[in-house]
Amino acid sequence: MPADDYQAEVLISAERIQARIAELGREGAHRHLGRRLVCVGVLKGSFMFLADLVRAIPLPDVEVDFIGVSSYQGAESTGVVRITHDLARSIEGEDVLLVEDIVDTGLTVHYLLDNLATRHPRSLQVAALLHKPSRAKVQVPVDYTGFTIEDRFVVGYGLDHDGRLRNLPHVALLQLPA
Ligand code: IMP
Ligand code: MG
């Protein structure tokens with residue numbers, strides 16, 4: 001797809017994203033006062049949300065780690081989830097916050113929650129910038145949701161279409177040429 005062969009209409013502005021993350025950060029911190037929090041970003045889509053979220057969490061002891069999964073090609077889920085990059089260290093006994101860009105079918109978070117639970121964290125919660133509940137194939141608990149959106153394909157703020165457009169500072173609706 002040539003670089004100019006798409007239109008991206010702003011759905012959620014950078015300002016709205018930042019305001020919501022500030023709220024989520026304060027909310028999350030209340031539940032973990034006095035304890036370490038290990039934030040696990042799901043590569044690659046969550047990197048921008050994770051970077052802003054950890055700065056909004058007013059706790060002295062926040063660690064960051066990443067887990068990589070491959071589940072998507074183009075705009076449709078393959079339903080196949082595979083770990084492509086694992087955590088750098090054990091999460092046994094830790095308070096873990098799994099940080100995702102978007103919960104769509106729910107298959108990725110469902111798989112990751114099962115996988116991480118086998119490692120015996122003290123607690124395991126999920127933060128997702130976006131949630132498309134109308135697309136759910138499995139129900140997953142999302143403890144912190146940035147925005148609930150309709151069934152539209154979005155890009156920007158970490159979310160990609162075939163690897164591109166992650167660098168937009170806002171979330172946009174992708175309109176591909178007919
Ligand atoms: P799920 O397993 O169907 O919930 O999909 C989760 C992954 O699909 C997310 O981490 C995204 O990488 C990708 N995804 C789902 N919907 C969108 C979208 O609208 N735009 C970009 N990526 C998406
Ligand atoms: Mg993706």
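Read the numbers this way: they start at 1 and go in the same order the structure lists the ligands and their atoms.
The backbone N or O of V126 sits less than 3.5 Å from a side-chain atom of D143, completing a donor-acceptor pair. The backbone N or O of R16 sits less than 3.5 Å from a side-chain atom of S13, completing a donor-acceptor pair. Although no hydrogens or angles enter the test, the distance criterion places a donor-acceptor pair under 3.5 Å between the side chain of R166 and the main chain of G158.
Look at K132 and you'll find a heavy atom under 4.0 Å from some atom of ligand 1. Distances shorter than 4.0 angstrom occur between a heavy atom of V154 and an atom of ligand 1. Heavy-atom separations between G106 and ligand 1 include at least one value shorter than 4.0 Å.
Residue-ligand proximity, T108 to ligand 1, at heavy-atom distances under 4.0 Å covers atoms 1 (P), 2 (O), 5 (O), 6 (C). Every atom of ligand 1 is numbered from 1 in the order shown, and the set under 4.0 Å from a heavy atom of T105 is 1 (P), 2 (O), 3 (O), 4 (O). Each of the atoms 2 (O), 4 (O) of ligand 1 lies under 4.0 Å from some heavy atom of L107. The D101 neighbourhood of ligand 1 comprises atoms 9 (C), 10 (O), 11 (C), 12 (O), with distances under 4.0 Å to a heavy atom of that residue.
For E94 and R89, the salt-bridge test passes: some basic side-chain N is under 4.0 Å from an acidic carboxylate O. The pair R119-D86 counts as a salt bridge, with a side-chain nitrogen and a carboxylate oxygen less than 4.0 angstrom apart.
The backbone of R152, and not its side chain, has at least one atom closer than 4.0 Å to an atom of ligand 1 (non-hydrogen atoms only; backbone = N, CA, C, O). At a 4.0 Å heavy-atom cut-off, ligand 1 touches E100 through the side chain alone. Residue contacts with ligand 1 for D160 involve N, CA, C or O but no side-chain atom from C-beta outward (heavy atoms, distance under 4.0 Å). The part of L159 lying near ligand 1 is the side chain, judged by heavy-atom distances below 4.0 Å.
The shortest side-chain heavy-atom distance between P121 and V38 does not fall under the 4.5 Å cut-off. At a threshold of 4.5 Å between non-hydrogen side-chain atoms, the residues V40 and L112 do not count as touching.
Counting heavy atoms of neighbouring residues, nucleotides and ligands inside a 6.0 Å radius, atom CZ of R152 does not exceed 12 of them.
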